[in-house]
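Input: a single structure, listed below in structure tokens.
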Amino acid sequence: MKDWERKPGFDLSGKKALVVGFGNPVGEAVALALAEAGADVAAASATLDGEEVMAAKRVAKRVTQLGRTSMSQGWDVTLPTNVQVGLRQLVKEFGTPSILVFNGDAELWKPATKITDSEFANVQQVNQSGAYYAARSFLRERKDTEVPGRLIFVTSILGERGVGWNTGYAVTKSGALGLMLGLSQEFGQQNVTANAISTGWMEWTPGRGPDDIGENRLMRFIPMRRFGKAEDVAPLAVLLASDAAGYLNGQVFHVDGGVSQHL
Amino acid sequence: MVLEKLRLDGPPRRVAIVTGGGRGLGREMALALSEAGADVCIASRTQSQLDATADFIAERSGRRPLTVSMDVREREQCDALIEQTVTHFGRLDILMNNAGIGDARGGGTQVDQLSDDDWADAIAVNLNSAFYCSRAAVRVFRKQDQGGVIVNVASGTAMRMYPMGLGYASAKGAVMSMTRSLAAQVVGDGIRVNGIVPGFILQSPPETEEQREQAAQRGRFNSTGRLGEAWELGPLAVFLCSDASAYITGEHFVIDGGGMAGGIAPTGWPAPGVTV
């Protein structure tokens, strides 16, 4: 009887990945996980915020310490030309990535009527437009369709469920899901999958309140009774990035302790 | 480290049951769990199929699965499956409720022609089986007090229109509901319950030119341009059954090549009597 040609689920040897966005801890955890699984991993900040640019540099160094190739760049993903030129340069020096993880994550935690025009524009440009510009440049640079392409967008359940003071942020995260859905259909036949990892209430989410469950009503709504950590997210990125994940496409996967399925 | 979280060889070495483990998706998931280091029990109705699969898995992973020939529609047999596995391996950590029959009795029958028995059978084999096995497994998990994992295999037919199997789609929809509510019931015991929702997946490699053509025809409406292959469920099963998914519960992992995201009509699965 004929047997399947199985591909490894968690081996990324020989792959090149680009992780964009180190404003929250997910970027670093994912980059290191991909490297641990065998990939060379480049790191680009989503903004020119000094701390984020330095975080991308640190991650690149740690990837190198794992024995993989890396480089870092300071990007401002709100500027499409910056993204295109940055990626072109990265392709020359690092090689063409076949895996893109977009983790641009500008925060906005404010009553809807108090959000200023510039605050709304900024969160939209980083989280939503930035995701599009990064994906577009990634797809433009993609030449070898034999190599599976993987688009992974890190989003938030706050883009799928209504939460007060998160309206401005929610717009951008649900927008990224629309982007992912469209790309999953448009590029599926070119050997590219697009998926989203939707994170729940994470340790760094603004407005999440104290750690003590007795004082934190929000935590009582999370079935697992704890906030998410970056390490909770990273293994799923490895699976989605692998050659074995070619039939996982166009989906939002929640890493949220069960909160999005709670009544 | 991430790769360690994806291992199932412990300590203690995880023990997993895969119902419907004799062929197709169940066979591939059982193989993947075994290769990740778990001791595996495969259950199905047909002993000869179980034997062949056990040989295959033993050859590849180096550990021979326990085989249990049984009927998941029967509560006593589900209880016995859990008991036999615990007796054989000394513990239980993972239950994959994968048994089910897509073209169960009454498949393709219009509602006004569907008999009580055919409806009841679709519910029994696809839904009751998952309940019986989950209940028995949770009893063991709670006694062991070391958490546990249940993965229910549902179906994309539960989430969209599926005229070819009213009973099947209804039962799988109920399985998805059970996944969420059961997850909430047992989360305090460190037990996670998640679902896999396969789209159109080839159960075995096409052997003939005709089969290859048929698969290509059915796959071309999917955004990836192909049908899924059973082995693609393996890594996902390992992920959901391992500590790599420690912060995931009550969730469904659709694996359908983008079918749910974009739609796959026309599918080549027309309603009875309808020409597409």
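Letters A, B, ... mirror the listed sequences (proteins, then strands); counts begin at 1. Please read these numbers as outputs of a predicted model, since none were measured by experiment.
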* Run the salt-bridge test on A:Arg6 and B:Glu232 with the 4.0 Å N-O cut-off and return the result as yes or no. => no
* To do: Specify the closest pair of heavy atoms between B:Val2 and A:Pro235, including all atoms of both residues, with the distance to one decimal.
  => CG1-CA, 3.9 Å
* To do: Please report the closest heavy-atom contact between A:Trp4 and B:Glu28, naming both atoms and the distance.
  => CD1-OE2, 3.3 Å
* Give, as side chain, backbone, both or neither, the part of B:Ile248 having an atom under 4.5 angstrom from any heavy atom of chain A. => both
* Structure fact -> Bottom line for A:Lys229: the part with an atom under 4.5 Å from chain B's heavy atoms is neither
* Within-4.5 Å side-chain heavy-atom neighbours: B:Arg180 and A:His262 -> no
* Structure fact -> Okay, A:Leu32 and chain B: the region with an atom under 4.5 Å from a heavy atom over there is neither
* Within a strict 4.5 Å, meaning less than it, do heavy atoms of the B:Phe239 and A:Leu240 side chains meet? -> no
* Structure fact -> Whatever's closer than 4.5 Å to a heavy atom in chain B on A:Asp3 counts as both
* **Heavy-atom pair with the smallest gap, counting every atom of A:Asn249 and B:Asp256** => O-OD1, 3.9 Å
* Asked: Between the side chain of A:Tyr247 and the main-chain N/O of B:Gly228, is any donor-acceptor distance below 3.5 Å?
  -> yes
* To do: Side chain from CB out, backbone as N, CA, C, O: work out which of these in A:Val259 comes under 4.5 Å of a heavy atom of chain B, or both, or neither.
  => neither
* Would a 4.5 Å heavy-atom cut-off, applied to side chains only, mark A:Phe253 and B:Val254 as touching? -> no
* **Minimal non-hydrogen separation, A:Leu181 against B:Ala261, with atom names** => CD2-CB, 3.7 Å
* Do side-chain atoms of B:Glu251 reach the backbone of A:Gly258 as a donor and acceptor pair under 3.5 angstrom? -> no
* Asked: Can you tell me how far the CD atom of A:Gln261 sits from the CG atom of B:Asn194, to the nearest 0.5 Å?
  -> 9.0 Å
* Which bit of A:Val238 is near chain B, if near means a heavy-atom gap under 4.5 Å: side chain, backbone, both or neither? -> side chain
* Asked: Around A:Arg225, counting heavy atoms of other residues, nucleotides and ligands shown, do more than 12 lie under 6.0 Å from its CZ?
  -> yes
* To do: Side-chain contact test, heavy atoms from C-beta onward, threshold under 4.5 Å: evaluate it for A:Gln189 versus B:Thr224 and give yes or no.
  => no
* To do: Compare all side-chain heavy atoms of A:Glu36 with those of B:Leu3 and state whether any distance is below 4.5 angstrom.
  => yes
* Select one option (side chain, backbone, both, neither) describing which atoms of A:Ser260 are under 4.5 Å from chain B's heavy atoms. => side chain
* **Region of B:Ala230 in contact with chain A, defined by heavy-atom distances below 4.5 Å** => both
* Could you have a look at A:Ala33, A:Ala244, A:Ser184 and say which one has the most heavy-atom pairs with chain B under 4.5 angstrom? => A:Ala244
* To do: Please examine the side chains of A:Leu236 and B:Phe253, heavy atoms only from C-beta on, and report whether any two atoms are closer than 4.5 Å.
  => yes
* B:Tyr247 side-chain N/O to A:Arg226 backbone N/O, donor-acceptor pair under 3.5 Å -> yes
* Side-chain heavy-atom pair B:Trp231, A:Glu5 within 4.5 angstrom cut-off -> no
